[in-house]
There are 2 protein chains.
Amino acid sequence: MTPLSPEEFLLIAQQHCAARGARLTELRQQVLGLVLARGGVVKAYQVLTDLQAARGPAAPPTVYRALDFLVEQGLLHRVDALNGYIACQHLECQHHGLLLVCETCNDVTEIDATDSLDQLSAAAARAGFQPRRQDVLLTGLCQSCRQPS
Amino acid sequence: MTPLSPEEFLLIAQQHCAARGARLTELRQQVLGLVLARGGVVKAYQVLTDLQAARGPAAPPTVYRALDFLVEQGLLHRVDALNGYIACQHLECQHHGLLLVCETCNDVTEIDATDSLDQLSAAAARAGFQPRRQDVLLTGLCQSCRQPS
DNA sequence: GACGATTTGTTACAGTATAACATCACATCG
DNA sequence: CGATGTGATGTTATACTGTAACAAATCGTC
């Protein structure tokens, strides 16, 4: 399960958007590239800084709109617990991702947990609730951070 | 499943904290009371306003600290998606709560989904991740908001 | 080229949260 | 009793996150 390179990711993103009739404009692609370049969880204002470095003046709404779009398309996940964004780590496969947020190192890992998440949705449905495809996240300790040594 | 009255809730909260060796101080109790008084999802700055009305000058850290404590004790849930807090709706029973956040009316319902959530934890554990007891939330449409009529 | 719809730019501001340090309350122990 | 340590609260200032509202540019279509 080698992670995609930024180049591969951008390529797939293109196809992904084309297939959905969504316009992956220059700006949106650039923002996506900046997120990928940093790697891991990225904050909106980090992207803003990078964007300003790359293109001159830019304001918050510019990056928030691009990030919203990318989340909408499923290319990025929003990590509410950290007010951040992270590239989808299972773009190729159809999946329901579960985001594992380490509360020590703030690293985020995405695992495929389609079955469990479907169960969760079913439980919600029994309560009359109609879930929208959405990122579910758990916080806790990642493997590296719970070494007893 | 009648919801607890604020009085009942506060009483149980007392016992709950005592049992855990945590100090439910006057301030913390007051903050909890203000959340219960408003009902539903409450924002920190709403609590701040109410607290100022009730006790005179107060600053953000005062309420954030109290809210953090109450979340820590499991009396409140933090609703990341809304930057808000809501009283635990299953205080009496041992449960793993699943928060259902309606993206139309912003109402939050808490259902018991212990089984599904245990599955989720198990999936995380298989990835070497150790989840902490934590609120999981799904966004979507509540029953009232998806009336086709 | 005119038009409507979407995207982007820009300004200004609203809302959320914490760092850092001072002070206070309280339990414990010598 | 007073010293002392710990946790809780007060206080100031500031950092971080996000959006409303409107203007300008871009793109596809007729």
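Throughout, protein chains are lettered first and strands after them, A, B, ... in sequence-line order, and every chain is numbered starting at 1. Since this is a predicted model, take the numbers as computed values, not measurements.
- dT9(D) atom P lies 12 Å from atom CD of Q29(B), rounded to whole Å.
- We find that CG of L48(B) is positioned 14 Å from P of dT12(D), with the value rounded to whole Å.
- For the pair A58(A) and Q52(A), the tightest heavy-atom approach, listed with the atom from each and the gap, is O-NE2, 2.8 Å.
- In this structure, the nucleotide among dA20(D), dT16(C), dT17(D) sitting nearest to the side chain of P61(A) is dA20(D).
- Separating the CG atom of L67(A) from the P atom of dT7(C) is a distance of 15 Å, rounded to the nearest angstrom.
- Side chain of A59(A), nearest nucleotide from dT11(C), dA8(D), dA17(C): dT11(C).
- Closest to the side chain of P60(B), out of dA17(C), dG18(D), dT16(C), is dA17(C).
- In this structure, R78(A) reaches the dG18(D) phosphate: one of its side-chain N or O atoms is under 4.0 Å from OP1 or OP2.
- A straight line from OH of Y64(B) to P of dA20(C) spans 18 Å, rounded to a whole angstrom.
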Applying side-chain contact (heavy atoms from CB on, under 4.5 Å), run through R78(B) and I86(B) and close with a yes or a no.
CA-CA 7 Å; R78(B) 158 119 187 127; I86(B) 190 168; over 6 Å; no
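- Checking each of L137(A), N106(A), D135(A) against V79(A) for a side chain to side chain contact (heavy atoms under 4.5 Å, CB included) leaves exactly one that passes, namely L137(A).
- Residue N83(A) contributes atom CG, which lies 7 Å from atom P of dA17(C) at whole-angstrom precision.
- The side chain of Y45(A) lies closest to dT17(D) when the candidates are dT17(D), dT16(C), dT11(D).
- Nearest to the side-chain atoms of R23(A) among the listed nucleotides dA20(D), dT8(C), dC27(D) stands dC27(D).
- At dT9(D), none of the side-chain N or O atoms of R55(B) fall inside 4.0 Å of OP1 or OP2 (strictly under the cut-off).
- The CG-C1' distance, from L51(B) to dG10(D), rounds to 12 Å in whole Å.
- Between dC16(D) and K43(A), no contact under 4.0 Å exists linking OP1 or OP2 to a side-chain N or O.
- When the nucleotides dG9(C), dT12(D), dG10(D) are ranked by their closest atom to the side chain of T62(A), dG9(C) comes out on top.
- Mapping E26(B) and Y85(A) onto DNA chain D by nearest heavy atom places E26(B) closer to the 5' end of the strand.
- For R65(A) and dG9(C), a side-chain-to-base donor-acceptor distance below 3.5 Å is present, hydrogens and geometry of angles not being considered.
- In this structure, the CG atom of L27(B) is 18 Å from the P atom of dG7(D), given to the nearest Å.
- When hydrophobic clusters are built by joining Ile, Leu, Val, Met, Phe, Trp and Tyr residues whose side-chain heavy atoms come closer than 4.5 Å, directly or via intermediates, Y64(B) is grouped together with V31(B).
- A side chain to side chain contact (heavy atoms under 4.5 Å, CB included) with L24(A) is found for exactly one of Q29(A), H16(A), Q15(A), namely Q29(A).
- In terms of phosphate contacts, T25(B) brings a side-chain nitrogen or oxygen within less than 4.0 Å of OP1 or OP2 of dT9(D).
- Rounding to whole angstrom units, CD of residue Q73(B) and C1' of dA8(D) are separated by 14 Å.
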